[in-house]
Amino acid sequence: MTQIRDDFRSDTVTRPSRGMREAMAKAEVGDDVFGDDPTVNRLEAVLAERLGKPAGVFMASGTQSNLAALLSHCGRGDEYIAGMDAHCYAHEQGGAAWLGSIQPQPLPHQPDGTLSLDAIAAAIKPDDMHYARTRLLALENTLGGRVIPLTYLNEATALAKSRGLATHLDGARVFNAVVASNTDVAEMARPFDTISVCLSKGLGAPVGTVLVGEKDLIAKARRHRKALGGAMRQVGILAAAGLYALEHNVERLREDHGNARRLADGFAKVPALRVTMPDTNIVWVKVAPEHSEAFSAFVAAEGFGITGGYGGESQRWVTHMDVDAAAVDRAIGAAERFFAKTRY
Ligand SMILES: Cc1ncc(COP(=O)(O)O)c(C=O)c1O
């Protein structure tokens with residue numbers, strides 16, 4: 001197998017920079033299960049404040065954070081509404097169902113990634129012993145790299161609240177969403193009771209997610225985190241990376257978005273490729289079916305890492321701090337070379 005030189009598989013493949021490693025090495029630490037780690041405490045406070053919420057809790061991963069949030073909002077036999085492509089429903093093993101006895105009510109996405117308000121309203125069950133109790137609306141931003149607009153988030157959460165539901169945002173890439181839409185992150189967080197923010201995606205930290213929200217919910221999530229095996233000890237070493245990421249790597253997400261756009265523009269000129277123009281750092285590319293397998297094999301042999309597409313029609317190319325404009329140009333050049341030799 002050819003080694004990956006330009007790794008477009010995910011924004012999770014980044015390695016901590018020298019500055020980040022120095023911050024980690026210097027971190028003051030303590031036993032976080034006793035609440036003694038000053039760096040973790042600072043990270044939780046900084047993110048909570050930035051998102052305009054009273055409390056935060058450091059989690060090992062986005063999956064753990066979403067699950068702890070769902071467990072905090074819903075009990076056994078309750079139900080949450082989410083999109084069919086939502087990470088917490090589709091890509092986390094259905095953990096809320098098998099670990100929490102929480103039933104998902106998935107809804108199809110509209111072409112822009114939103115869930116129709118009518119569909120949400122219709123999915124909320126009446127207070128009747130035949131039905132699960134619908135407790136929560138869980139949304140995601142960005143969703144597959146698309147920015148879900150603030151106006152929609154406000155409308156959907158207002159509907160949920162008017163029917164007595166709580167609201168959760170999987171904001172694994174919420175900073176991509178706010179940077180791309182020039183929105184204040186606290187504005188985007190405002191209508192949600194809990195928001196999960198990953199530090200180990202575009203922000204470049206090696207580990208970590210922070211769940212922020214109302215005090216009582218975060219206290220519950222902290223309890224659930226313990227049961228989920230996520231209460232860690234001298235974890236300030238990791239929290240220091242998160243603090244560094246928040247200080248240095250938020251505005252630079254614009255570079256990733258620019259590189260994604262450059263990649264999409266270049267691929268769009270190749271007639272066999274159908275490109276979805278990205279809002280942020282994820283480019284979806286449909287390859288003409290007769291070329292998809294050969295093109296995917298070529299891309300891999302040329303040293304590019306991608307996902308979603310080997311042997312398939314649809315490829316996912318993700319930009320991040322460890323792929324630069326030169327890597328993007330190499331990818332465009334490779335596609336041009338491959339298809340120059342191919343008759344359409
Ligand atoms: C939108 C979204 N939410 C949650 C997660 C889960 O994060 P983790 O891989 O840290 O568990 C991911 C992972 O890629 C994600 O893309």
Side-chain angles (χ1 to χ4, degrees), residues 51-53 62 65-92 94-174 177-178 181 183-197 211-214 216-217 220-221 279:
L51 272 74
K53 299 294 179 194
S65 182
N66 279 333
L67 180 54
L70 290 172
L71 290 167
S72 302
H73 287 293
C74 304
R76 291 186 72 191
D78 289 346
E79 176 180 81
Y80 71 102
I81 295 174
M84 291 178 97
D85 295 339
H87 207 276
C88 67
Y89 166 65
H91 304 288
E92 295 174 9
W98 73 271
L99 294 169
S101 300
I102 305 165
Q103 163 165 283
Q105 168 61 75
L107 296 179
H109 296 270
Q110 303 186 103
D112 64 357
T114 61
L115 310 176
S116 120
L117 297 183
D118 288 345
I120 294 173
I124 300 171
K125 310 296 182 294
D127 184 6
D128 176 319
M129 69 163 76
H130 294 89
Y131 302 115
R133 285 169 304 216
T134 315
R135 291 284 195 216
L136 176 72
L137 174 67
L139 298 176
E140 183 173 317
N141 209 7
T142 61
L143 177 87
R146 272 179 307 231
V147 176
I148 307 297
L150 186 59
T151 47
Y152 172 81
L153 298 175
N154 284 331
E155 284 168 13
T157 50
L159 165 64
K161 278 178 189 160
S162 74
R163 301 285 300 272
L165 272 60
T167 52
H168 170 68
L169 181 70
D170 179 351
R173 296 185 180 82
V174 72
V178 301
S181 59
T183 308
D184 178 44
V185 71
E187 265 299 287
M188 200 166 277
R190 196 182 49 74
F192 292 95
D193 299 309
T194 49
I195 305 104
S196 174
V197 182
L211 182 70
V212 303
E214 301 307 323
D216 57 332
L217 286 165
K220 280 191 196 173
D279 290 342

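Keep in mind that the numbers below use all heavy atoms, side chains included, and drop hydrogens, waters and symmetry copies.
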Hey, does the side chain of [X] reach the backbone of [Y] with a donor-acceptor pair shorter than 3.5 angstrom?
X	Y	result
Glu140	His87	yes
Lys161	Pro191	yes
Ser72	Ala221	yes
Ser101	Gly77	no
Asp193	Thr167	yes
Ser181	Ala177	yes

Residues Asn141, Leu153; criterion side chain to side chain contact (heavy atoms under 4.5 Å, CB included); working and verdict: CA-CA 9 Å; Asn141 209 7; Leu153 298 175; 3.7 Å; yes

Neighbour count >12 (heavy atoms, 6.0 Å) for atom CG, Asp128: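 Enclosed.
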
Grab the two heavy atoms, one from [X] and one from [Y], that are nearest each other, plus how far apart they are.
X	Y	result
Ala123	Ile81	CB-CD1, 3.9 Å
Ser196	Gly62	OG-O, 4.4 Å
Leu71	Gly100	CD2-CA, 3.6 Å
Lys53	Arg190	NZ-O, 3.2 Å
Leu211	Ser65	CB-OG, 3.5 Å
Gly83	Tyr89	O-CD2, 3.8 Å

Residues Asp118 and Ser116: side-chain donor-acceptor under 3.5 angstrom: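 No, no side-chain donor-acceptor pair sits under 3.5 Å.
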
Go through the structure and list residues passing side-chain hydrogen bond (donor to acceptor under 3.5 Å, both in side chains) with His109, not counting sequence neighbours.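 So His109 forms no side-chain hydrogen bond (donor to acceptor under 3.5 Å, both in side chains) with any residue.
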
Leu67 vs Glu92 side-chain heavy atoms within contact, under 4.5 Å: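 Contact flag for Leu67/Glu92 side chains = no.
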
Under a 4.5 Å cut-off applied to non-hydrogen side-chain atoms, are His168 and Asn66 in contact?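 Of all side-chain heavy-atom pairs linking Asn66 with His168, at least one is under 4.5 Å.
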
Testing Leu169, Ile195, Asp184 one by one against Leu51 for a side-chain contact (heavy atoms from CB on, under 4.5 Å), which residue passes?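 Considering Leu169, Ile195, Asp184, a side-chain contact (heavy atoms from CB on, under 4.5 Å) with Leu51 is found only for Ile195.
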
side-chain contact (heavy atoms from CB on, under 4.5 Å), paired with Tyr80, selected from Leu165, Leu70, Thr134: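 When Leu165, Leu70, Thr134 are each tested with Tyr80, the side-chain contact (heavy atoms from CB on, under 4.5 Å) holds only for Leu70.
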
Once you round to the nearest 0.5 Å, how far does [atom1] of [X] lie from [atom2] of [Y]?
X	Y	atom1	atom2	value
Arg163	Arg135	CZ	CZ	14.0 Å
Leu159	Leu137	CG	CG	7.5 Å
Asp170	Cys88	CG	SG	6.0 Å
Leu117	Glu155	CG	CD	5.5 Å

My understanding is that only one of His73, Arg133, Gln103 makes a side chain to side chain donor-acceptor pair (under 3.5 Å) with Asp78; could you say which?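 Among His73, Arg133, Gln103, the one meeting side chain to side chain donor-acceptor pair (under 3.5 Å) with Asp78 is Arg133.
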
What's the verdict on side chain to side chain contact (heavy atoms under 4.5 Å, CB included) for Tyr152 and Leu115, showing C-alpha distance, side-chain angles and the deciding distance? CA-CA 9 Å; Tyr152 172 81; Leu115 310 176; 3.5 Å; yes

